[in-house]
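Okay, so here's the structure we're looking at.
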Amino acid sequence: MTPHLQAILAIITQTGQEPKSFAQNFVQEMELGLAGCGSSLAMYPTFVTLPSGKEQGRYMAVDFGGTQVRVALFELFGQGKFKLLRQSRFQLNSPDKDYRLSHVTGDELFLRLAQEVKTLIRDETAEALGLTFSFPFRQSCLSEAYLTNWTKEIATSNTEGRDIAAMFRHSLNKIGLSIPLTAVINDTVATHLAGSYTDSSTIAGIILGTGHNGSYLEPYHPLTGSSMLVNLECGNFNLLRATPWDEQLDRDSEKPGQQKLEKMVSGCYLEELAVIVLKEWAKANESGLCEALGRRLPCAVMAQLITLPSKEVKKAADLLDDHCGWQGDEETVQGLVQVIQTLLNRSATLAAGTILGILQKQQPIVGQKVRIAVDGSLYRCMPGYAAYLQAILAQEIQQQGVALRTIDDASALGAAIAAAQNIRVV
Ligand code: BGC
């Protein structure tokens, strides 16, 4: 490895803060956010608590998390039992219309969602509908949700600042659907609820995918005096050390200054960050790779590259040729793989800090069985990522009984559970 590349990798690694000191700052920000004092953690009250286990009946769920939207029909039997009856998916960036862009309005977007609900439900009935909406929003009850700002580079117009629950209801009514929308929750909260429904030792929900966020249970929430899940919106945590390349990514993003932690951790931004770092290296390595890659290196390509054994440089080069038509030397390929791996390790180290902070805030009894529900493509699909994160946590926690757990269908199942919890309220 050249000294220049070595220096770049060292700078990245140094900004992957040691999880214990990260967690300390994180807990302080949690306290400040909860008290309503200035904090980079919004700590949104969610007006939903852990499931009682008695949630039963047929519920629709819409999972709106990014480019792919999923609509599902569940039967809940209570006590952690459920059946996914049927589901459909559609892409927001369909060839005829890209619903993520600012020339499309929120009203058009929710009408599209309502149409998908209508197609899936056919002529059956469901007790209620729940929406998992993976963006920051304010609530004063479970059935409303004022979008504060889009994240993850979605820019649909005339939506920020509005009650997206009311917009969705309006669209459902417009096409003759009378199903009540009783709950809007964040994806961390959905993951947390789905985790708790199936295992009561679940104390947090974590998302590591296109975005990054977490939720936990506040046993005596200052607003209500009773237990409530809190959506941290921790992608916006900003007590961080950043590299010049993180700063550049931030400056060039849709929302400079926002989502600083997310920009260092999540898949959506790692795709861009990898290219920015490569450009720095390209100052000394004129391989033409950056030009060929364009703005992003997709996570799916990164996953394939880091899985290949180091001897298989030729296969990695073929992969890049297939992806972007670049045909280059082995040294560049090896360097690229090292850049990707270093960024992924830093991401996992920072994510471990988030989890450690959430654990510290709740101080579980030593030896108690503790489960943290995790979802998201980075955690589930990036080779080695989950194992690396778990190894860091094991080093830091040294406490038996704490484990991360993934739950299938969590985002959609959580929406169905929340809808069931609120059925008599709306
Ligand atoms: C959003 C969060 C969401 C996270 C994971 C972030 O960009 O602000 O609300 O939970 O992504 O999807």
Side-chain angles (χ1 to χ4, degrees), residues 29-30 33 39-48 61-70 92 100 130-139 145-156 159-161 164-165 183-195 204-216 229-238 249-250 253-273 299 347 350-351 354-355 358 372-382 385 406-407 409-415 418:
E29 286 286 282
M30 283 176 87
S39 166
S40 60
L41 296 180
M43 304 292 284
Y44 287 131
T46 63
F47 299 90
V48 71
V62 172
D63 174 17
F64 183 97
T67 302
Q68 181 165 265
V69 178
R70 184 173 168 210
L92 288 181
R100 302 165 309 169
L131 168 65
T132 294
F133 192 66
S134 310
F135 299 89
F137 52 84
R138 286 181 195 281
Q139 298 178 286
Y146 288 86
L147 173 65
T148 48
N149 54 285
W150 285 120
T151 55
K152 296 175 282 196
E153 308 300 63
I154 296 210
T156 314
T159 323
E160 288 181 331
I164 53 111
V184 184
I185 54 173
N186 182 267
D187 53 351
T188 54
V189 172
T191 302
H192 195 154
L193 288 178
I206 298 286
I207 301 291
L208 284 164
T210 317
H212 172 50
N213 195 6
S215 74
Y216 78 107
L229 297 191
V230 174
N231 165 18
L232 278 85
E233 280 302 329
C234 64
N236 195 46
F237 182 66
N238 66 8
L249 177 120
D250 181 46
S253 68
E254 278 285 335
K255 302 265 167 64
Q258 292 180 21
Q259 303 296 106
K260 290 269 182 84
L261 176 63
E262 183 165 80
K263 284 170 179 161
M264 295 169 86
V265 170
S266 81
C268 170
Y269 296 105
L270 285 178
E271 295 188 342
E272 281 184 47
L273 197 53
C299 278
S347 158
L350 293 170
T354 302
I355 296 172
I358 293 178
I372 293 156
V374 193
D375 205 358
S377 50
L378 197 57
Y379 187 80
R380 278 181 183 271
C381 311
M382 188 56 79
Y385 189 92
T406 51
I407 300 117
D409 303 317
S411 275
L413 175 61

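Order of listing sets the numbers, starting from 1, for every ligand and every atom in it.
The contact set between ligand 1 and Asn213, taken as ligand atoms under 4.0 Å from a residue heavy atom, comprises 2 (C), 3 (C), 4 (C), 9 (O), 10 (O). In the vicinity of Glu233, heavy-atom distances shorter than 4.0 Å reach the ligand 1 atoms 1 (C), 2 (C), 8 (O), 9 (O). With ligand atoms numbered from 1 in the order given, ligand 1 contributes 5 (C), 11 (O) to contacts under 4.0 Å with heavy atoms of Gly211. Set against the non-hydrogen atoms of Gln259, the atoms of ligand 1 under 4.0 Å away are 7 (O), 8 (O).
Judged by the shortest distance from any of its heavy atoms, Gly235 lies outside the 4.0 Å radius around the atoms of ligand 1.
Considering only non-hydrogen protein atoms, atom 12 (O) of ligand 1 sits nearest to Asp187 OD2, 2.6 Å. Among protein heavy atoms, atom 6 (C) of ligand 1 sits closest to Glu262 OE2, 2.9 Å.
Between the side chains of Asn231 and Asn213, at least one donor N or O lies within less than 3.5 Å of an accepting N or O.
Listed here is the closest heavy atom pair of Cys234 and Gly214: SG-N, 3.5 Å. Taking all atoms of both residues into account, the shortest heavy-atom contact from Ala410 to Asp375 is CB-OD2, 3.7 Å.
Residues Ile164 and Leu131 are in side-chain contact: their nearest non-hydrogen atoms beyond the backbone lie under 4.5 Å apart.
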Which atom pairs, donor and acceptor, lie under 3.5 Å between side-chain atoms of residues 266-273 and protein residues at least two apart or in another chain?
{"residue": "Ser266", "atom": "OG", "partner": "Thr210", "partner atom": "O", "Å": "2.7"}
{"residue": "Ser266", "atom": "OG", "partner": "Glu262", "partner atom": "O", "Å": "3.2"}
{"residue": "Glu271", "atom": "OE1", "partner": "Arg296", "partner atom": "NH1", "Å": "3.1"}
{"residue": "Glu271", "atom": "OE2", "partner": "Cys299", "partner atom": "N", "Å": "2.8"}
{"residue": "Glu272", "atom": "OE1", "partner": "Arg295", "partner atom": "NH2", "Å": "3.0"}
{"residue": "Glu272", "atom": "OE2", "partner": "Arg296", "partner atom": "NH2", "Å": "2.9"}

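With values rounded to the nearest 0.5 angstrom, Leu193 atom CG is found 8.5 Å from Leu413 atom CG.
Taking any N or O of Thr188, backbone or side chain, none lies under 3.5 Å from an N or O belonging to ligand 1. Residue Asn186 has at least one nitrogen or oxygen atom sitting less than 3.5 Å from a nitrogen or oxygen atom of ligand 1, judged on distance alone.
Ion pairing between Glu160 and Lys255 holds under the 4.0 Å rule for side-chain N and carboxylate O.
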